[in-house]
Amino acid sequence: MKQLVASLIAQSIDNLKQAGTFDADLQANIQVENTRDKQHGDLASNVALTLAKAARRNPREIAQLICDNLPATAEVTKTDIAGPGFINFFISQDATAAVINKIIEHGNDFGKCQVGNNQSVQIEFVSANPTGPLHVGHGRGAAYGASLGNLLSVAGYNVQREYYVNDAGRQMNILAASVWLRYLALAGIEITFPSNGYQGSYVKDIAAELKTRVGNSLEHSAEAVTQGLPADAPEGDKEAHIDAIIDRARELLGPDNYEVVFAAGLDSIRDDIKDDLVEFGVNYDEWFSERSLSHNDQIEKAIKKLQDNDHIYEQEGALWFRSTAFGDDKDRVVKRDNGQTTYFASDIAYHLNKFERGFETVINIWGADHHGYITRVKAALTAMGIDADRLVVKLVQFAILYRGSERVQMSTRSGSFVTLRELRDEVGKDASRFFYVTRKAEQHMDFDLELAKSESKDNPVYYIQYAHARICSMIAKLATEDMSWDQEVGLANLERLDQDAEIALMQQLELYPEIIAHAAMAYEPHQIAHYLKDLASNFHTYYNAHRMKIEDVELRNARLTLSTATRQVLANGLQLLGVDAPEKM
RNA sequence: GCGCCCGUAGCUCAGCUGGAUAGAGUACCUGGCUACGAACCAGGCGGUCACACGUUCGAAUCGUGUCGGGCGCGCCA
């Protein structure tokens, strides 16, 4: 409808150019908007205001000229000039009701569009270190990423969802050491647990599972483990202490058994994260292992590629990437003086790998604490000859957690955190998914756990689900009330839908496709959530103002058809957000 | 110190590419089920859009500065 009105305006302006009223080279930027106040019609354009300067005429005069030269159509019943020169358009009931036909024709596909042009996009999100369960801070990235993936998919992108498993590096070795010490403790070999180890109780569970699987084959005496270790904090250095324990574990266990312990921790936690996310309605196409990069020499290859392009130099025994040549604050080490590659080197290799896999656009959803990495990763891409604009980084701001007015600190290492699973158990999947995704990603979010739990019944998601359930139950109970619903009869009588609440509901339904396109292009799934609240509100208002189950067969069928079209759009939208559309509540 | 994000009603948040009288939810106050689901609806109360200057027909929106909050600035991962 907007496009139609825009084309009418364009034709009118062309007519005026031909008549010599406007200069032939006058450029018009035609915008058509939905009006907020229905006294201003259904659609409005500010075109006369934007033309005022170039045409050297009073905006109201221009508006009058445009109105006088509009081609007549059945869709536009009236135009009006208001305020400083807005043109208001009143749309016929017939044209408005046509949206119901479209919804019924397309069903689950209503709202799909092709703004993505089948472009292949990879979206990587959550990617939390597999050193502990996901906590509520990860939930936001999960909800955002999953919804964005769904959104881009219906907008015509070819989407691949990926989780980058940080299964290499020191943190994983600390986890392995923690598991082993807990395993030894189960055998009665008491060793003071390092202050820098993973304290969470899940580590004990992994150790117990390991013990039932391997028996006592990994046991070593307390003396053998602790002999000659540097002191732990507070007397000594906790980092040196834990590193020494890792070395001792490797030495006593040997490479094969060390790998058994390491894998016990990694596999258990990664699988747990996977299950957790599935239950949260979040699914991936690929779980990409960081370790696979080094196994396949991809890190060396990436460094070589930078070297070949002459962006690497050696200093103090280390290899440096000259990222300052691409806008970074300082150059970055990719290989340390001890020969080990850095985490950044893995990241370069990983991003190179992504583009080598053929994705046209790569979207990274990162926590806000990673914003400092954007410049250096993009620098590396540029240095390797890849257009850095093909990498889109969306930062998700942290949820600041409160319990009442008390700030809650989250730390995986200390084991003091609220898990995503706990939140889901107490608040529910639908309410928590909706809660996260209602706020736009870059907005800071205050998350009061007490409030989230106590107010879960008031979560707006139920308002939307209720509208859906209400329609389902209305249809389901028709038979018991000696009534029926015939969609064909309804479609044949759409002109009966002339009440304000019906017009408003149909206009809201018509917005859905453009909301999808707009939200997809802006990477903003929260727009869907807000749209659905408004749609549900329109329906509830309608439902309370008018009866559906009435004797007038034509009007009854028309109203029920409008209601089921509404149900379809509610279901389509909720599906994008990973929220169920229940038939009963 | 430098960089990124943010500041809108008591609270939690929307506000499209600059557009008409800045909107929801919640809290508080009224009213509405002997008719389709009251997890609902109708109405009321509530704002110096952090502050200042600028850009222009028009600024919550764009620009500069100030104040306030979050985060980041390692041969850690």
Side-chain angles (χ1 to χ4, degrees), chain A residues 29 31 33-37 39-40 44-46 49-50 52-53 58-59 82-86 88 129 131 166 168-174 239 290 315-320 329-330 332-338 340-344 346-347 367-375 395-398 400 435 438-448 451 455 457-463 465-467 469-475 477-478 481 483 514-515 518-519 522 524 526-527 529-531 533-534 536-537 539-550 556 559-560 563 584-585:
Chain A
N29 172 22
Q31 298 173 38
E33 299 165 348
N34 300 298
T35 55
R36 186 168 295 172
D37 183 343
Q39 288 184 353
H40 297 137
S45 179
N46 62 351
L49 294 163
T50 59
K53 199 169 236 176
N58 176 314
F86 291 101
N88 298 327
N129 286 348
T131 53
N166 292 119
R170 181 163 171 265
Q171 292 306 319
M172 290 307 297
N173 287 318
I174 294 176
E239 305 291 350
E290 181 186 355
Q315 187 178 314
E316 294 167 14
L319 288 185
W320 297 71
D329 301 346
K330 53 184 89 164
R332 308 287 171 178
V333 172
V334 290
K335 189 184 268 191
R336 292 176 218 143
D337 56 8
N338 65 9
Q340 294 246 313
T341 53
T342 58
Y343 182 83
F344 179 46
S346 299
D347 248 358
D369 55 339
H370 282 67
H371 69 76
Y373 292 40
I374 299 174
T375 311
L395 294 177
V396 176
Q397 294 295 324
F398 284 148
I400 301 168
F435 182 87
T438 307
R439 279 80 169 166
K440 64 179 180 196
E442 59 269 33
Q443 176 68 260
H444 294 275
M445 179 165 87
D446 287 342
F447 195 139
D448 183 342
L451 204 65
E455 291 196 347
K457 274 184 239 148
D458 298 327
N459 189 302
V461 75
Y462 298 116
Y463 182 81
Q465 291 182 316
Y466 182 53
R470 221 176 193 184
I471 297 165
C472 290
S473 122
M474 191 168 65
I475 301 293
K477 287 181 184 163
L478 274 172
E481 294 161 36
M483 293 220 185
E514 70 184 70
I515 295 281
H518 194 268
E524 291 185 347
H526 79 273
Q527 290 186 29
H530 287 277
Y531 167 82
K533 273 205 276 190
D534 290 342
S537 172
F539 179 76
H540 287 308
T541 297
Y542 174 42
Y543 183 88
N544 276 276
H546 302 285
R547 286 189 57 75
M548 316 280 147
K549 297 178 183 174
I550 48 178
R556 181 213 304 156
R559 286 183 171 172
L560 290 173
S563 297
K584 287 179 189 163
M585 298 175 66

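Keep in mind that this is a model prediction, so the values were computed, not measured. We name chains A, B, ... by the order of the sequence lines, and we start the count at 1 in each one.
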Presence of A:His526 side-chain N/O under 4.0 Å of B:G15 phosphate oxygens OP1/OP2: yes
Nearest to side-chain heavy atoms of A:Met585, which nucleotide of B:G37, B:C75, B:G19: B:G37
A:Asp534 CG - B:G25 P separation (whole Å): 10 Å
Residue closer to the 5' end of RNA chain B, A:His40 versus A:Phe344 (nearest nucleotide): A:His40
Centroid under 5.5 Å and tilt under 30°, A:Phe86 to B:A20: yes
Integer-rounded Å distance: B:C13 P and A:Glu442 CD: 14 Å
Residue matched to B:C2 through Watson-Crick or wobble contacts both under 3.5 angstrom: B:G72
Contact under 4.0 Å: A:Thr541 side-chain N or O vs B:A42 OP1/OP2: yes
Touch class at under 4.0 angstrom, heavy-atom based, for A:Asp369 against every strand present: sugar-phosphate
Geometric class of the A:Phe539/A:Tyr542 ring pair [parallel <30°, tilted 30-60°, perpendicular >60°]: perpendicular
Separation of the P atoms in B:A38 and B:G32, to the nearest angstrom: 16 Å
Taking only nitrogen or oxygen atoms into account, show me every contact under 3.5 Å that the protein makes with nucleotides 29-36 of chain B, one pair per line with its distance.
{"residue": "B:A35", "atom": "O2'", "partner": "A:Arg547", "partner atom": "NH1", "Å": "2.9"}
{"residue": "B:A35", "atom": "O2'", "partner": "A:Arg547", "partner atom": "NH2", "Å": "3.3"}
{"residue": "B:A35", "atom": "N3", "partner": "A:Arg547", "partner atom": "NE", "Å": "3.4"}
{"residue": "B:A35", "atom": "N3", "partner": "A:Arg547", "partner atom": "NH1", "Å": "3.3"}
{"residue": "B:C36", "atom": "O2'", "partner": "A:Lys549", "partner atom": "NZ", "Å": "2.4"}
{"residue": "B:C36", "atom": "O2", "partner": "A:Met548", "partner atom": "N", "Å": "3.1"}
{"residue": "B:C36", "atom": "O2", "partner": "A:Lys549", "partner atom": "N", "Å": "3.0"}
{"residue": "B:C36", "atom": "N3", "partner": "A:Met548", "partner atom": "N", "Å": "3.1"}
{"residue": "B:C36", "atom": "N4", "partner": "A:Tyr543", "partner atom": "O", "Å": "2.4"}
{"residue": "B:C36", "atom": "N4", "partner": "A:His546", "partner atom": "O", "Å": "2.8"}

Worked check of side chain to side chain contact (heavy atoms under 4.5 Å, CB included) between A:Thr438 and A:His530: CA-CA 7 Å; A:Thr438 307; A:His530 287 277; 3.6 Å; yes
Side-chain donor/acceptor contact of A:Asn459 with base of B:A39 under 3.5 Å: no
Separation between the C1' atoms of B:C67 and B:A52, rounded to whole Å: 11 Å
Counter-base of B:G46, judged by Watson-Crick or G-U geometry with both distances under 3.5 Å: none
Rounded distance [0.5 Å steps], NE2 in A:His40 versus OG1 in A:Thr35: 8.0 Å
Aro-ring/base stack A:His370-B:G72, d under 5.5 Å, angle under 30°: no
Distance in angstrom units between A:Tyr531 OH and B:C13 C1', rounded: 20 Å
Length of the line joining A:Ile374:CD1 and B:C73:C1', which is rounded to integer Å: 13 Å
Spacing of the P atoms in B:C45 and B:G25 (rounded, Å): 15 Å
Any donor-acceptor N/O pair under 3.5 Å between B:G69 base and A:His444 side chain: yes
Point-to-point distance, once rounded to the nearest 0.5 Å, from CD of A:Gln527 to CD of A:Glu514: 10.5 Å
Interatomic distance at P, B:A22 relative to B:G44, whole Å: 15 Å
Between P of B:A14 and CZ of A:Phe435, the distance in whole Å: 11 Å
Sugar-phosphate only, base, or nothing, as touched by A:Asn88 at under 4.0 Å among non-hydrogen atoms: base
Distance-only side-chain donor-acceptor flag, A:His444 / A:Arg439, under 3.5 Å: no
Nearest-angstrom distance from the residue atom CG of A:Asp347 to C1' of B:G74: 15 Å
Exercise: identify the closest heavy-atom pair between A:Arg336 and A:Thr341: NH2-O, 3.7 Å
Given B:C40, B:A14, B:C75, the nucleotide with the shortest approach to the side chain of A:Glu316: B:C75
Any A:Lys440 side-chain N or O less than 4.0 Å from OP1/OP2 of B:C5: no
Pairing partner (Watson-Crick or G-U wobble, both distances under 3.5 angstrom) of B:A22: none
From OG1 (A:Thr50) to CG (A:Asn29), nearest 0.5 Å: 6.0 Å
Whole-Å C1' distance, B:U61 and B:G15: 9 Å
Gap in Å between the two P atoms, one belonging to B:U17 and one to B:U12, rounded: 26 Å
A:Tyr466 or A:Asp329, whichever maps to the more 5' nucleotide of RNA chain B: A:Tyr466
Inter-nucleotide C1' distance (B:G70, B:U64), Å rounded: 23 Å
Contact under 4.0 Å: A:Arg470 side-chain N or O vs B:A38 OP1/OP2: yes
Pairwise C1' distance for B:G18 and B:G63, with rounding to whole Å: 13 Å
Worked check of side chain to side chain contact (heavy atoms under 4.5 Å, CB included) between A:Gln31 and A:Asn46: CA-CA 7 Å; A:Gln31 298 173 38; A:Asn46 62 351; 3.8 Å; yes
Watson-Crick or G-U wobble partner of B:G7, both distances under 3.5 Å: B:C67
Nucleotide forming a Watson-Crick or wobble pair with B:U17, both distances under 3.5 Å: none
base_contact_polar (B:C71 base, A:His371 side chain, donor-acceptor, <3.5 Å): yes
Residues A:Ser563, A:Met548; criterion side chain to side chain contact (heavy atoms under 4.5 Å, CB included); working and verdict: CA-CA 9 Å; A:Ser563 297; A:Met548 316 280 147; 3.6 Å; yes
Sugar-phosphate only, base, or nothing, as touched by A:Ala82 at under 4.0 Å among non-hydrogen atoms: base
Phosphate OP1/OP2 of B:C71: any A:Gln397 side-chain N/O under 4.0 Å: no
Distance in angstrom units between A:Asn34 CG and B:A20 C1', rounded: 15 Å
Nearest listed nucleotide, side chain of A:Ala469, among B:G37, B:G19, B:A20: B:G37
Full working for side chain to side chain contact (heavy atoms under 4.5 Å, CB included) between A:Asn166 and A:Tyr343: CA-CA 10 Å; A:Asn166 292 119; A:Tyr343 182 83; 3.1 Å; yes
Whole-Å gap separating P (B:U8) and CZ (A:Arg439): 14 Å
Presence of A:Tyr463 side-chain N/O under 4.0 Å of B:C41 phosphate oxygens OP1/OP2: yes
Student check: side-chain heavy atoms of A:Gln397 and A:Gln443 closer than 4.5 Å: no
Sugar-phosphate only, base, or nothing, as touched by A:Asn129 at under 4.0 Å among non-hydrogen atoms: sugar-phosphate
